[in-house]
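Worksheet: the structure to be examined is printed underneath.
Given the structure is predicted, the values throughout are model-derived calculations rather than measurements. Heavy-atom basis, side chains included; hydrogens, waters and symmetry copies ignored. Remember, it's 1-based here, ligands and their atoms both numbered in the order they're listed.
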Amino acid sequence: MPTDIEIARQATLIPITEVAKNAGVPDEALIPYGKYKAKVDTATLPTTSNGKLILVTAINPTPAGEGKTTTSVGLSDALHRIGKKTMLCLREPSLGPCFGVKGGGAGGGKSQVMPMDEINLHFTGDFHAITSAHNLLSAMIDNSIYWGNPNDIDLRRVTWRRVLDMNDRALRQIVGPLGGVSNGFPRETGFDITVASEIMAILCLASDLEDLQKRLGDIIIGYRRDRTPVFCRDIKADPAMTVLLKDAILPNLVQTLENRPAFLHGGPFANIAHGCNSVIATKTALRMADYVVTEAGFGADLGAEKFMDIKCRMAGLKPDAIVLVATVRSLKMNGGVPKGQLTEGENVEAVRAGAVNLKRHIENVKKFGITPTIAINHFYLDTDAEIAVIKEMAESYGADAVICKHWAEGGAGAEDLAKIVAEKADTGAPDFDQLYPSEMPLAEKIETVATEIYRAANVAIPSAVRKQLKQWEEMGYGNYPVCMAKTQYSFSTDPTALGAPEGHEIAIREVRLSAGAGFVVAIAGDIMTMPGLPKVPSAENIYLDENGQIEGLF
Ligand SMILES: Nc1ncnc2c1ncn2[C@@H]1O[C@H](COP(=O)(O)OP(=O)(O)O)[C@@H](O)[C@H]1O
Ligand SMILES: O=COP(=O)(O)O
Ligand SMILES: [Mg+2]
């Protein structure tokens, strides 16, 4: 099988104007960025439909990922193939994983969105705009302090950091500005990766440009000595930040390898942020199509939980069906096979042992009132016996399971999945509900997710953190949902505790209030909001060949 980028290069794309026309996007709403990309001015779009929303999630992944994005593309193409007017909504990839470990976020094999190289690199500049807006606020905070600190910001309590869309551990904790009087007042700060920025979350949760600016103004950048909050609007940065984001708030329209439409918009990771694409793209798609396929990052313990408890709660959305992607390789890993040995031949018993992870995720998704359909994402080396075990175990857990070959075959490889999922979406999910009510106290929300989803026996919240949560409740933020930051590999905070650990302790190290985005981030264990590069980063294999073509992107 050729590589993803080789497949992409051989693809026959149609002009984005044709993709738009097929999707029902009128010319006046289309803002082309070249021949194969465009932004869509959603405000002018007609409401032609009231679509069904299908969420694609997964079991806990190997470092490469188990194919949520690939399956979302394949399922969307397959729904078109069976005559369903469908819109695909994905996140935009970050440069961090692309040049780090995981690679791009445009799907894979015959189920990709195009043009994958541009999508995985600078795309339409949204992440650069978010980075600039975030760092404009950072610069204006230090500038305000430099010129006399009129807001009495306590230099020890500036919570607003800087961001960069790259994995750079050297920037996690820094002291600055150094260099003496002309540079300002030194203080501890640091960088997060852009996808962990509150501005990324705001862009993904805002309903329109006006709501975006209000949310930007609501950002708390730090506190005074009397512990009262200082807002972004006190620094007078929100109007200029909105100018920097006025194009980024418009969703990006591209196409699949089968020339079907896809919105790619926003890109928060699901281990350190809420992991869902934008509400604007999703709601627009629901107005345009009968079925909308969207995904949430990493496993159902992270992306799916946040999709339902944060995105759906805030936007008044609800999933009509849920697809849970399972793979032989991840179940083998969860069954005890070391990462480096996952392709070393058939191991039915390891798959069976690892199926406890699948069982746990099915049980968890059911807590939201929906039984997921299992998409067994077939890899080339999977044996019939290994696949059969997944199907057998899924069905024993009360879930339908469908073998999918969309990576190798495109939409044709997911038509069985499309038929079963469309039927379930048509029935809908009348019992859907969030995991906890908005009025539950913040600490209890953290405990609920940790015990109900992660199956922890104990949730260690230090007294200083509890005090901070109480303070935020007194300030009026008690109704906010929580956004757990935790490793994507385990239900626990130990990334090596695979399968279905229970009875462990979830230790909350820090909480951050995203007053503009509308949630409280609870950081559990050692998860970092600025990832580091691996010993051999993917970047070492990315280059331009003699014809100036990009090689090494996947
Ligand atoms: N069935 C498959 N066979 C081979 N490679 C696959 C298959 N499904 C996905 N991949 C590859 O695995 C990686 C992760 O897929 P992706 O869809 O990005 O997963 P996720 O969105 O869950 O992180 C990508 O490089 C993709 O090309
Ligand atoms: O936030 C993580 O997303 P993927 O699972 O698609 O890598
Ligand atoms: Mg993905």
Problem - Distance flag, aromatic centroids of F491 and H361, threshold under 6.0 Å - result: yes
Is [X] salt-bridged to [Y], cutoff N-O under 4.0 Å?
| X | Y | answer |
| --- | --- | --- |
| R81 | E258 | yes |
| D192 | R161 | yes |
| D400 | K391 | no |

Among protein heavy atoms, which lies nearest [atom], and at what distance?
| atom | answer |
| --- | --- |
| atom 1 (N) of ligand 1 | H378 O, 2.7 Å |
| atom 2 (C) of ligand 1 | W407 CG, 3.3 Å |
| atom 19 (O) of ligand 1 | G67 N, 2.9 Å |
| atom 12 (O) of ligand 1 | R329 NH2, 3.5 Å |

Exercise for the section: Determine yes or no for a side-chain-to-main-chain donor-acceptor pair under 3.5 angstrom, with E305 supplying the side chain and I310 the backbone. Expected result: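 Side chain of E305 to backbone of I310: no pair is present.
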Practice task
Report yes or no: does E386 contribute a side-chain atom to a donor-acceptor pair with the main-chain N or O of T383 at less than 3.5 Å?
Solution key: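 Checking the backbone N and O of T383 against the side chain of E386, a donor-acceptor pair under 3.5 Å is found.
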Practice task
Would you check whether E295 has a nitrogen or oxygen atom less than 3.5 angstrom from a nitrogen or oxygen atom of ligand 1?
Solution key: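 No; every N/O pair is 3.5 Å or more apart.
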Handout entry: N/O separation below 3.5 Å, Y380 to ligand 1
Key = no
Exercise for the section: Measure up the F432 and F368 rings against each other and bin them: parallel (under 30°), tilted (30 to 60°), perpendicular (over 60°). Expected result: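 Aromatic pair F432/F368 classed parallel.
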Using non-hydrogen atoms of the residue, decide whether [X] is closer than 4.0 angstrom to ligand 1.
| X | answer |
| --- | --- |
| K102 | yes |
| A64 | yes |
| E409 | no |

Practice task
Please work out whether any backbone atom (N, CA, C, O) or any side-chain heavy atom from C-beta onward of K68 is under 4.0 Å from ligand 1, and answer side chain, backbone, both or neither.
Solution key: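 For K68, the contact with ligand 1 is made by both the backbone and the side chain.
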Practice task
Examine the proximity of ligand 1 to V325 and report which part, side chain or backbone, both or neither, has a heavy atom under 4.0 Å away.
Solution key: neither
Work out which heavy atom in [X] is nearest to a heavy atom in [Y]; give both atom names and the distance.
| X | Y | result |
| --- | --- | --- |
| D301 | S490 | OD2-O, 3.8 Å |
| S111 | G74 | OG-CA, 3.5 Å |
| I390 | T327 | CD1-C, 3.9 Å |

Fill in the blank from the handout: Taken by chain and residue number, the protein N/O/S atoms under 2.8 Å from the Mg ion (ligand 3) read T69 OG1
I need the atoms of ligand 2 closer than 4.0 Å to a non-hydrogen atom of [X], numbered in the order shown.
| X | answer |
| --- | --- |
| K102 | 7 (O) |
| F269 | 1 (O) |
| G297 | 1 (O), 2 (C), 3 (O), 5 (O) |

Practice task
Look at ligand 2 and say whether R91 reaches it with a heavy atom at a distance under 4.0 Å.
Solution key: yes
Practice task
Return a yes/no value: protein heavy atom under 4.0 Å from atom 14 (C) of ligand 1?
Solution key: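 Given the 4.0 Å cut-off, atom 14 (C) of ligand 1 counts as touching protein heavy atoms.
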Handout entry: Min side-chain heavy-atom separation H134-M200 under 4.5 Å
Key =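 Sidechains of M200 and H134: no contact.
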Practice task
Taking the side chain as every heavy atom from C-beta outward, state whether D494 and H504 have any atom pair closer than 4.5 Å.
Solution key: no
Problem - Interfacing atoms of ligand 1 (cut-off 4.0 Å, heavy-atom, E66) - result: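 Checking each atom against E66, I get 19 (O), 22 (O).
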Practice task
Using distance alone, with no hydrogens and no angle criterion, decide if K405 and N377 have a side-chain donor and acceptor under 3.5 Å apart.
Solution key: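 Their side chains do not contain a donor-acceptor pair, so the 3.5 Å distance test is not met.
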Practice task
Quick one: pull up CD1 in I523 and CZ in R509 and give me the separation to the nearest 0.5 Å.
Solution key: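 So the gap between those two atoms works out to 5.5 Å.
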Problem - cation_pi(K37, F123) dist<6.0 Å, angle<=45 - result: no
Problem - Identity of the nearest option to atom 26 (C) of ligand 1, non-hydrogen atoms only, from V73, N377, T70 - result: T70
